[in-house]
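The structure appears right after this line, and notes come after that.
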Amino acid sequence: MQTEVQQRFRFAFGARSYDLSSRTHIMGVLNVTPDSFSDGGLHVNPDRAVAHALTMLEEGADFIDIGGESTRPGSDPVPAEEELRRVLPVIRELAKRTDAPLSIDTYKSEVAEAALDAGAVIVNDISAMTMDARMAEVVARRRASVVLMHMKGTPKTMQANPHYGDVVLEVKSFLRQQTERAQRVGIEQIIIDPGLGFGKTLEHNLTLMRELHAFNELSFPVLVGPSRKSFIGTILNLPVEERLEGTAAAVAACVLRGAHIVRVHDVQAMTRVSRVADALRSA
């Protein structure tokens, strides 16, 4: 743990700069979709979506991650035109009303580029730039930051009996490969995400969280997204709307194991959880 604490990650995101190693930072989830697993349909109206994002910022979010396509297990792709119709009005309005860093959750370069034009500064790609050959060039040319996430398969197929010989070793190897590729094309600010729930069983997810500190060896900030995930529902036998306490436990565990950013739906509660876990980690 000592090596992890000593690493410094000072990143500039538009008008703001964060030392991601100083504390755990909070990424608020804003799904502008009708079918996301936990909050589909709640924020499809742009005005409601913007209001919710501003509330999350007041509650402690450092970033807002805006997604226009559900990537829940079994979901089908959405055309880029529809994704753009959903996200662009929200990004444009938020960019006018806050200088907080906005992230676009997409694996399509067309959507990423339009979102960056509208005011986003981060591309959060669940495929780590493997599903669209043009994505790396767009991110590099626009000097955007990128989140590279591990996923086995696609959202449609990823939970169809995923298998690993050594889940930590394989996920880590993939992320090393993709960060090296990103650096070769000139991307400077890279964040990695082991992809909890994306092509992983309950045991895979628990192992990744328990061994999360191993990813700090790659020398990039680590983002994790345990919020309301199905593995929490499996452990507790609870539906998605009753997973707050389970999410809190997972967030605390991830912070204690070296997470730099947690991506969450319940921002106020998880900000408080993270602050206590930060204090424990640094005590």
- Only pairs at least two apart or in different chains count here, so list each side-chain hydrogen bond (donor to acceptor under 3.5 Å, both in side chains) that has a residue in residues 87-97. none

- Near Arg16 CZ, under 6.0 Å, is it more than 12 heavy atoms from other residues, nucleotides or ligands? yes

- For atom CG of Asp166, is the number of surrounding heavy atoms from other residues, nucleotides or ligands below 6.0 Å larger than 12? yes

- Worked check of side-chain contact (heavy atoms from CB on, under 4.5 Å) between Asp266 and Glu59: CA-CA 9 Å; Asp266 303 289; Glu59 292 175 342; over 6 Å; no

Between [Y] and [X], is there a side-chain heavy-atom distance shorter than 4.5 Å?
X: Asp125; Y: Met149; value: no
X: Val171; Y: Phe215; value: yes
X: Glu242; Y: Pro239; value: yes
X: Val262; Y: Ser274; value: yes
X: Glu188; Y: Arg143; value: yes
X: Leu94; Y: Leu54; value: yes
X: Thr130; Y: Gln178; value: yes
X: Arg10; Y: Ser17; value: no

Closer than 3.5 angstrom, by distance alone: can the side chain of [X] be matched with the main-chain N or O of [Y] as a donor-acceptor pair?
X: Lys108; Y: Asp132; answer: no
X: Asp278; Y: Thr24; answer: yes
X: Arg86; Y: Glu69; answer: no
X: His163; Y: Asn161; answer: no
X: Gln189; Y: Ala12; answer: yes

- Message: Please verify the inter-ring angle class for Phe13 with Phe11; under 30° counts as parallel, over 60° as perpendicular, anything in between as tilted.
- Response: tilted

- Between Tyr18 and Phe63, how do the two ring planes meet: parallel, tilted or perpendicular, split at 30° and 60°? perpendicular

Give, for atom [atom1] of [X] and atom [atom2] of [Y], the distance between the pair rounded to the nearest 0.5 Å.
X: Ser227; Y: Ile232; atom1: OG; atom2: CD1; value: 7.0 Å
X: Glu241; Y: His265; atom1: CD; atom2: NE2; value: 12.5 Å
X: Ser22; Y: His260; atom1: OG; atom2: NE2; value: 9.5 Å
X: Ser230; Y: Leu202; atom1: OG; atom2: CG; value: 8.5 Å
X: Met135; Y: Glu113; atom1: CE; atom2: CD; value: 10.0 Å
X: Arg181; Y: Met129; atom1: CZ; atom2: CE; value: 5.0 Å

Under a 3.5 Å cutoff, is there a donor and acceptor pairing between the side chains of [X] and [Y]?
X: Glu83; Y: Thr106; result: yes
X: Ser103; Y: Asn124; result: no
X: His204; Y: Thr201; result: yes
X: Asn31; Y: Thr33; result: no
X: Glu203; Y: Thr207; result: yes

- Item | Under the ring pair (Phe, Tyr, Trp, His ring centres under 6.0 Å) test, residues paired with Phe231 that sit two or more places apart | none

Least distance between heavy atoms, [X] atom then [Y] atom:
X: Leu223; Y: Pro194; value: O-CD, 3.4 Å
X: Ile91; Y: Ala115; value: CD1-CB, 3.7 Å
X: Ile66; Y: Ile104; value: O-CD1, 3.4 Å
X: Ile187; Y: Ala136; value: CD1-O, 3.9 Å
X: Gly258; Y: Arg281; value: CA-NH1, 3.1 Å
X: Val267; Y: Gly28; value: CG2-CA, 3.9 Å

- Please identify each residue that fulfils side chain to side chain contact (heavy atoms under 4.5 Å, CB included) with Arg176, with sequence neighbours left out. Lys172, Glu180, Leu218

- Query: Can you name the one residue among Ile26, Thr98, Asp62 that meets side chain to side chain contact (heavy atoms under 4.5 Å, CB included) with Leu57?
  - Reply: Thr98

- Please walk me through it: do Phe198 and His150 pass ring pair (Phe, Tyr, Trp, His ring centres under 6.0 Å)? CA-CA 7 Å; Phe198 283 80; His150 175 275; 9.6 Å; no

- Item | Steps toward side-chain contact (heavy atoms from CB on, under 4.5 Å) verdict (Leu102, Val121) | CA-CA 6 Å; Leu102 305 179; Val121 295; 5.6 Å; no

- Task: Starting from the C-alpha separation in whole Å, work towards a yes-or-no answer on salt bridge (charged side-chain N to carboxylate O under 4.0 Å, His left out) for Asp105 and Arg263.
- Result: CA-CA 12 Å; Asp105 180 1; Arg263 182 180 181 273; 3.3 Å; yes

- Could you please spell out the steps behind the side-chain contact (heavy atoms from CB on, under 4.5 Å) verdict for Leu148 and Ile190? CA-CA 7 Å; Leu148 301 176; Ile190 302 167; 3.8 Å; yes

- Query: Same cluster or not: are Val185 and Val138 linked, directly or through other Ile, Leu, Val, Met, Phe, Trp or Tyr residues, by side-chain heavy atoms under 4.5 angstrom apart?
  - Reply: yes

- Query: For the hydrophobic clusters of this structure (ILVMFWY residues joined by side-chain heavy atoms under 4.5 Å, transitively), does one cluster hold both Phe220 and Leu169?
  - Reply: no

- Task: Evaluate side-chain contact (heavy atoms from CB on, under 4.5 Å) for Arg275 paired with Thr271, printing each intermediate quantity in order.
- Result: CA-CA 6 Å; Arg275 296 297 173 267; Thr271 298; 3.8 Å; yes

